[in-house]
Protein chains: 2
Amino acid sequence: MLYSIIETLKKNQLSITDSRKKILEMFVKTKGALAHADIEHQSGTEFDRVTIYRTLQTFVEKGIIHTIPTADNSVRYALCKEECSEGHHHDDHVHFMCDDCGTTYCLDKISVPHLNLPNGFTASQTDVVVSGKCGKCN
Amino acid sequence: MLYSIIETLKKNQLSITDSRKKILEMFVKTKGALAHADIEHQSGTEFDRVTIYRTLQTFVEKGIIHTIPTADNSVRYALCKEECSEGHHHDDHVHFMCDDCGTTYCLDKISVPHLNLPNGFTASQTDVVVSGKCGKCN
DNA sequence: AAATATTTTGCAACAACGTTGCATTGTATT
DNA sequence: AATACAATGCAACGTTGTTGCAAAATATTT
Ligand SMILES: [Mn+2]
Ligand SMILES: [Mn+2]
Ligand SMILES: [Zn+2]
Ligand SMILES: [Zn+2]
């Protein structure tokens, strides 16, 4: 399946800029997730820190990427599947973070389990983050 | 069940100091979880920011409190059950964060479900964080 | 294609959060 | 009570993220 960067930006009514193209390209070419710092390092001095923050924010709002909760409370991002749209994320899959190589995976095929909450509690979102060793490191 | 602050500190070979006593007391008296900022506010100018950071660190290392991963990537802490010890946490329960009142609950009775990971992946820890409305806010 | 309107970017300044080194103070031990 | 040891407060610093605004880039209109 091919992913058109320009199409994605247009579809979301975002103007086509260098930073948006390159940052989105990084996500498309990466299996795992990316942190702000990863993008900053990969792009060198090409973009300002602030631009990267703003680009990530915009992508999250538009449903192009989603944030991943991690055990160490660092922020990571990964591409959304096509079902996500502005203000409506549907990334209800399990995330995996390798203790060895640090790679964060979206386990798209493993959906988050249903839980019986205590009386009076209602859920709007459930995040599952698994830590351990990934396929490469095992 | 009663919780002796002094006993807990002694059991973990920690010297008995004002900050440790008062901060641990806050956790014992609180149903939910506490953030660094909560402790700072509740204690006024009594302790330095750094002391609070170091006390929380020490308590986590000793297995007295555990950190709670949250959807918004803020750091929270809650009391551990007695099974936890230095370097060995066993807080495998579900956490709940109320979107309305912000309270974070340890749902001790709901243990994290077992998941079938992809081939080659092994889990060392699974964190489940549910967001939604709590009993009070529903 | 050029002119205009709109968005995005880079910079600077700031705020929140967290860490480290070291002298001072407090706790434990003899 | 004297000594040894550990924790605290302070200052200084680093990292992460935000905001306002002028300059630059992109989109739209003529
Ligand atoms: Mn994901
Ligand atoms: Mn808990
Ligand atoms: Zn790995
Ligand atoms: Zn609530």
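All of these numbers come straight from a predicted model, not from anything done at the bench.
When heavy atoms are screened at a 4.0 angstrom cut-off, B:E40 is found touching no nucleic acid atom at all. Among the atoms of the strands shown, none is found under 4.0 Å from any heavy atom of B:Q13. Nucleic acid contact for B:Q57: sugar-phosphate only, since backbone atoms but no base atoms lie under 4.0 Å from a heavy atom of the residue.
If you take CD1 of B:I23 and P of D:dA7, they are 13 Å apart, rounded to a whole angstrom. Rounding to whole angstrom units, CD1 of residue A:I39 and C1' of D:dT16 are separated by 14 Å. Taking atom CZ of residue B:F47 and atom P of nucleotide C:dG26, one finds them 13 Å apart after rounding to whole Å. The distance from atom NZ of B:K21 to atom P of C:dG26 is 13 Å, rounded to the nearest whole Å. With rounding to whole Å, B:I6 atom CD1 is found 11 Å from C:dT27 atom P. If you measure from atom NZ of A:K62 to atom P of C:dT7, you get 11 Å, rounded to the nearest angstrom. Put simply, CG on B:N12 is 16 Å from C1' on D:dA6, counting in whole angstrom units. Here D:dA6 presents its P atom at 11 Å from CZ of B:R20, a figure rounded to the nearest Å.
Contacts of A:T30 classified as side-chain contact (heavy atoms from CB on, under 4.5 Å), with partners at least two apart in sequence or in another chain: A:L34. In terms of the salt bridge (Lys or Arg N to Asp or Glu O under 4.0 Å) criterion, residue partners of A:E46 (sequence neighbours excluded) are, by chain and number, A:K22. Residues that satisfy the side-chain contact (heavy atoms from CB on, under 4.5 Å) test with A:S124, not counting sequence neighbours, are B:D99, B:S131. Annotation: side-chain contact (heavy atoms from CB on, under 4.5 Å) contacts of A:S111 (sequence neighbours excluded): none.
With hydrogens and angles left out, the side chain of A:R49 and the base of C:dG10 share no donor-acceptor pair within 3.5 Å.
Over its full length, the helix from C:dA1-D:dT30 to C:dT30-D:dA1 turns its helical axis through 30°, comparing axes from the five pairs at each end and rounding to 10°.
Of the two residues contacting DNA chain C, namely A:S19 and B:Y53, the nearest-nucleotide position lying further toward the 5' end is that of A:S19.
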Give every pair of a protein N or O atom and an N or O atom of nucleotides 20-29 of chain D that lie under 3.5 Å apart, one pair per line with the distance.
unit_1, atom_1, unit_2, atom_2, d
D:dA27, OP1, A:I16, N, 2.8

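Using cut-offs of 30° and 60° for the angle between ring planes, the A:H36 and A:Y53 rings count as parallel.
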>> Determine whether A:F59 and A:F27 satisfy the following criterion, ring-ring contact (aromatic ring centres under 6.0 Å, His included), listing intermediate values before the conclusion.
In response: CA-CA 11 Å; A:F59 285 177; A:F27 281 105; 7.2 Å; no
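A donor-acceptor distance shorter than 3.5 angstrom exists from the side chain of B:D38 to the backbone of B:A35, with no hydrogens or angles considered.
Clustering ILVMFWY residues whenever any of their side-chain heavy atoms sit less than 4.5 angstrom apart, transitively, puts A:V130 in a cluster other than the one holding A:I68.
The CD1 atom of A:I52 sits 11.5 Å away from atom CZ of A:R54, with the distance rounded to the nearest 0.5 Å.
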